[in-house]
Amino acid sequence: MSNDADRPIAPAGRLVPARCSRRCWLVSAAAAWTVRAAARDDEQPVIVRQPVPGGQIELQFTPGFGDAQRERAREWVVRSADAVAAYFGRFPVPQLELLLQGVDGEGVIGGATFGEPTLYMRVRLGRDTGAAQYRDDWVLAHEMVHLAVPQVPRAQRWLHEGIATYVGPLARARAGLLDARQAWRGWARQMPLGQPAADDHGLDHTPTWDRAYWGGALFCLLADVRMRQHGSIDRGLQQALQGVLQAGGDYRVAWPVSRTLAVADAAVGGTTLVDLYDRMKDRASVIDLDALWRELGVDDEQLRDDAPLAAVRREILA
Ligand SMILES: [Zn+2]
């Protein structure tokens with residue numbers, strides 16, 4: 001079963017609603033330490049040090065995993081890390097502690113990422129999760145994408161969630177873990193969630209779940225299309241975000257959003273992100289999505305190569 005472009009809403013067959021924690025990048029340092037302290041001396045986690053492209057992940061399994069269960073989970077971590085590393089050019093950070101909190105049953109339940117006091121990620125999952133379920137999981141890639149963006153002020157959490165929501169399925173699809181056509185059709189169905197509602201005052205002032213995840217993802221899609229449409233077709237959001245990472249902008253640092261967007265713009269030339277942010281930050285800016293899908297050649301039946309922006313669509317995800 002596909003996750004249809006990784007909408008952060010529970011696909012059928014999961015234990016509980018699977019979504020990135022709404023607080024996934026804002027949880028306090030104290031909360032992170034509380035989780036770690038919960039592993040008592042007689043319940044030490046099993047540690048596996050896993051090299052990934054450009055870094056290392058310290059996998060911490062809570063007690064109760066069997067050898068085969070641990071190996072399936074390790075393979076899933078490697079696959080997710082490879083997909084994210086391929087998008088950004090390397091794994092976003094040199095070192096990550098990843099706590100895998102096992103529970104009875106199947107399915108990846110949810111994840112959370114903490115920037116302090118050290119870089120730390122926690123994912124809850126059923127110990128009996130099968131290979132196919134791991135393959136369909138969006139949670140871990142989503143959390144790993146968060147690592148590639150500087151922390152931002154609370155008003156711009158939508159940017160962080162938007163990037164993770166948009167890039168997660170792109171990275172997975174490019175790695176062959178998600179079908180490209182399903183990814184586009186999933187976006188066509190889900191991006192409308194990110195449109196402003198009647199009482200909306202712009203992305204910076206409307207901290208709802210839909211606007212944070214899908215409003216942010218829509219911002220990313222628009223930016224990606226415009227960069228490739230008006231600049232060089234092979235330089236889009238991916239290259240812009242790689243520029244941020246190369247400038248030291250990963251989750252271990254906190255930047256004002258103006259700096260993150262300016263560094264990203266500079267990496268591809270132009271001012272696409274800064275301009276789009278100006279337009280969408282404090283105004284209810286409704287996007288003509290039907291027109292956008294038509295131009296990109298995304299319809300219910302197929303991806304159309306005779307559409308005016310079909311080449312842009314293929315550059316984003318073919
Ligand atoms: Zn998230």
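Indexing begins at 1, ligand by ligand and atom by atom, following the structure's order.
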| Aromatic ring proximity, centroids under 6.0 angstrom, W187 and Y166 | yes
| note | CG (L203) and OH (Y277) are apart, to the nearest 0.5 Å, by 9.0 Å
| note | In this structure, CG of D288 is separated from CD of E295 (nearest 0.5 Å) by 8.5 Å
| task | Taking the Zn ion (ligand 1) as the vertex, measure the angle between atom NE2 in H142 and atom NE2 in H146; round to 10°. | result | 100°
| query | Side-chain contact, heavy-atom cut-off 4.5 Å: R72 with R127? | reply | no
| field | Identity of the N, O or S atom of E161 lying closest to the Zn ion (ligand 1) | value | OE1
| field | Metal site the Zn ion (ligand 1): N/O/S of H160 inside 2.8 Å | value | no
